[in-house]
Amino acid sequence: MTRARLALLTGGGLVVLAASVSVAVTIGPADITPAEVWRSVAARLGFGQSPLSPLREGIVWNLRLPRTLLAAVCGAGLALCGAVMQSLLRNPLADPFVLGVSSGASTGAVAVIVLGWGVGVVSMSAGAFVGALLSFGMVMLLSHTLGGSMDRVVLSGVAAMQLFSALTSFIVLTSADAETTRGVLFWLLGSLSGAGWSDVFLCGSVLFVVLAVCFANTTTLDAFAFGEEAAANLGVRVTHARIVLLSVTALLTAVLVSSAGAIGFVGLVLPHAARALTGSAHARLLPVTALAGAIFLVWVDTVARTALDPQEIPVGVVTSLIGVPAFIAVLYRARSKT
């Protein structure tokens with residue numbers, strides 16, 4: 001791929017993302033146009049006066065805009081995690097959801113919410129991070145003892161996902177009241193309904209840091225495509241690189257799960273779609289994957305909150321409806337290659 005084409009893809013992706021956010025914010029019961037949204041943003045920056053009434057201004061700035069931006073951040077982060085995991089593990093089926101990392105993060109977050117573990121000291125994000133590391137450590141240990149092949153990694157991930165999902169259900173059913181149970185179970189299916197600016201800033205900051213770490217290691221990720229031994233011969237510190245990159249993806253997954261719940265299949269589907277456009281070189285793959293994930297989840301969330309209005313569909317339900325057929329297609333593709 002030429003630099004011109006990469007610039008076209010990333011530039012076009014940024015334009016589409018900006019347009020998607022501005023249009024998604026207008027979709028809903030209130031009568032708001034994209035032009036009014038941009039004029040309101042300009043007014044906040046000190047240029048002109050907002051055309052919106054105080055009520056509609058509140059709808060945009062307190063409800064729809066933080067939710068839409070959080071959807072973009074979560075989509076970009078989950079897609080990025082999937083691309084990195086697939087490269088490090090040399091497994092086209094790897095992503096935070098399939099490998100049980102999201103389930104482990106959910107268990108850690110729920111333990112903080114329901115049991116009050118570490119309240120005042122350990123936040124939801126920290127609890128989710130501990131759960132994500134425990135889950136991923138279990139997957140790596142189990143798959144290694146079983147031979148480390150692609151199907152063993154996936155099966156180990158399924159086992160971890162079921163175990164931590166069961167632990168989460170046990171914690172909720174035995175320790176939470178009825179109202180907390182309903183809220184937690186809806187959140188576990190993936191929900192952006194409670195999004196606020198603090199979530200956007202936290203998740204956006206972590207995403208920025210993880211993006212920087214991943215971009216600094218694009219040549220390392222390229223080397224992993226040839227296998228661990230070849231990467232080591234190319235001068236890569238294999239163990240160190242794997243620990244650093246898997247730790248930052250686990251951290252990002254944990255923060256996203258603590259804010260939006262477990263949203264599945266974004267990290268599985270979007271890297272494959274981006275790879276078809278950019279090839280396998282990570283300097284090109286990672287930015288396109290992140291942009292594709294952001295655009296995808298913005299529109300998935302828009303559908304989730306408006307399709308059955310006034311009832312809301314959990315975002316994870318919609319991504320699973322889209323992701324399961326894609327997962328099956330990846331399975332058949334992997335089988336044909338072997």
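All residue numbers refer to positions in the sequence shown, counting from 1.
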Going hydrophobic residue to hydrophobic residue with side-chain gaps under 4.5 angstrom, can you get from [X] over to [Y]?
X      : Y      : result
Val269 : Val298 : yes
Phe164 : Phe136 : no
Val25  : Trp197 : yes
Leu252 : Val130 : no
Val255 : Phe201 : yes

Task: With His282, the side-chain hydrogen bond (donor to acceptor under 3.5 Å, both in side chains) member among Thr289, Asn217, Asp222 - done: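 The residue from Thr289, Asn217, Asp222 that satisfies side-chain hydrogen bond (donor to acceptor under 3.5 Å, both in side chains) with His282 turns out to be Asp222.
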A side-chain contact here means heavy atoms from C-beta on lying under 4.5 Å apart; do [X] and [Y] qualify?
X      : Y      : answer
Leu221 : Leu245 : yes
Val266 : Phe296 : yes
Val210 : Val84  : no
Phe208 : Leu211 : no
Ser103 : Thr107 : no
Val300 : Ile263 : no
Met138 : Leu163 : yes
Leu192 : Asp199 : no

- [ ] Before giving the answer on side-chain contact (heavy atoms from CB on, under 4.5 Å), spell out for Leu99 and Leu89 the whole-Å C-alpha distance, their side-chain angles and the decisive distance to 0.1 Å.
- [x] CA-CA 11 Å; Leu99 295 184; Leu89 302 177; 3.5 Å; yes
Measure across [X] and [Y] and return the closest heavy-atom pair with its distance rounded to 0.1 Å.
X      : Y      : result
Ala71  : Asp301 : CB-CB, 4.1 Å
Ala132 : Ala254 : CB-CB, 4.4 Å
Leu70  : Cys203 : CD1-SG, 3.9 Å
Ala79  : Gly293 : CB-CA, 4.0 Å
Leu291 : Thr10  : CD1-O, 3.5 Å
Thr253 : Cys81  : OG1-SG, 3.6 Å

[X] side-chain N/O to [Y] backbone N/O, donor-acceptor pair under 3.5 Å:
X      : Y      : value
Arg275 : Ala83  : no
Thr319 : Phe265 : no
Trp299 : Ala24  : no
Arg242 : Leu88  : yes
Ser135 : Gly131 : no
Ser22  : Pro34  : no
Thr145 : Leu142 : yes
Ser40  : Glu36  : no
Gln86  : Ala94  : yes
Thr249 : Leu246 : yes

What's the spacing between [X] [atom1] and [Y] [atom2] if we round to 0.5 Å?
X      : Y      : atom1 : atom2 : value
Ser106 : Phe97  : OG    : CZ    : 8.5 Å
Arg64  : Arg305 : CZ    : CZ    : 5.5 Å
Thr68  : Leu17  : OG1   : CG    : 10.5 Å
Leu141 : Ser156 : CG    : OG    : 9.0 Å
Cys214 : Leu80  : SG    : CG    : 4.5 Å
Leu234 : Glu229 : CG    : CD    : 11.0 Å

Could you check whether atom [atom1] of [X] has more than 12 heavy atoms from other residues, nucleotides or ligands sitting under 6.0 Å from it?
X      : atom1 : value
Trp38  : CH2   : no
Phe215 : CZ    : yes
Arg56  : CZ    : yes
Arg237 : CZ    : no

Open item on the list: Ignoring hydrogens and geometry beyond distance, is a side-chain donor-acceptor pair present between Thr33 and Thr26 at under 3.5 Å?
Closed with: no
Task: Full working for side-chain contact (heavy atoms from CB on, under 4.5 Å) between Leu69 and Val73 - done: CA-CA 6 Å; Leu69 291 176; Val73 170; 5.5 Å; no
